[in-house]
Amino acid sequence: MPIPSRKEYPNSVKERLWSSANDLYRNAVRNSIEFASEGWNWRNVADDEQMIQSPSGERIHPIHVMNATADQEQEKGEGEIEFSKDLMDSESLSA
């Protein structure tokens, strides 16, 4: 069975099969933040048990929760983290 060219797939299929350049960039930035927080050492990588689970069930690397909490404390004093905020938006990634 021949494999179709990437140009032959409809856009709806392309979007599910391949990541956009923006998605690749955001993932690379997120991964760099996470790996830097682990001392650039693969032996220190956080595993699933160390992730923080949001109310929606998404597992979030502890560094993003720490960064979001620090941002919130800086903006409005100490308070609880708001999981409704998208922790992976471009603003929190560039921080």
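The structure presented is a predicted model; accordingly, all values stated were derived computationally and were not measured. Only heavy atoms go into these numbers, but all of them, side chains included; no hydrogens, no water, no symmetry mates. Along the sequence shown, residues carry numbers from 1.
The CZ atom of R30 lies 4.5 Å from the CG atom of N27; values are rounded to the nearest 0.5 Å.
E49 meets the side chain to side chain contact (heavy atoms under 4.5 Å, CB included) test with D47; sequence neighbours excluded. D23 is linked by a side chain to side chain contact (heavy atoms under 4.5 Å, CB included) to S19, S20, counting only residues two or more places apart in sequence or in another chain. When the ring-ring contact (aromatic ring centres under 6.0 Å, His included) test is applied to Y25, no partner is found at least two apart in sequence or on another chain.
Sorted by first and then second residue, the side-chain hydrogen bond (donor to acceptor under 3.5 Å, both in side chains) pairs involving residues 37-46 (not counting sequence neighbours) are E38-H61.
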Validation: residues 1-8 side-chain donor-acceptor distances under 3.5 Å, sequence neighbours left out:
residue, atom, partner, partner atom, Å
S5, OG, K7, N, 3.2

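Cluster membership for V45 and I63, using ILVMFWY side-chain heavy atoms within less than 4.5 angstrom, is not shared.
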**OP:** Please lay out, stage by stage, how I60 and M51 fare under the test side-chain contact (heavy atoms from CB on, under 4.5 Å).
**Re:** CA-CA 5 Å; I60 302 170; M51 299 293 171; over 6 Å; no
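The backbone N or O of D48 sits less than 3.5 Å from a side-chain atom of R59, completing a donor-acceptor pair.
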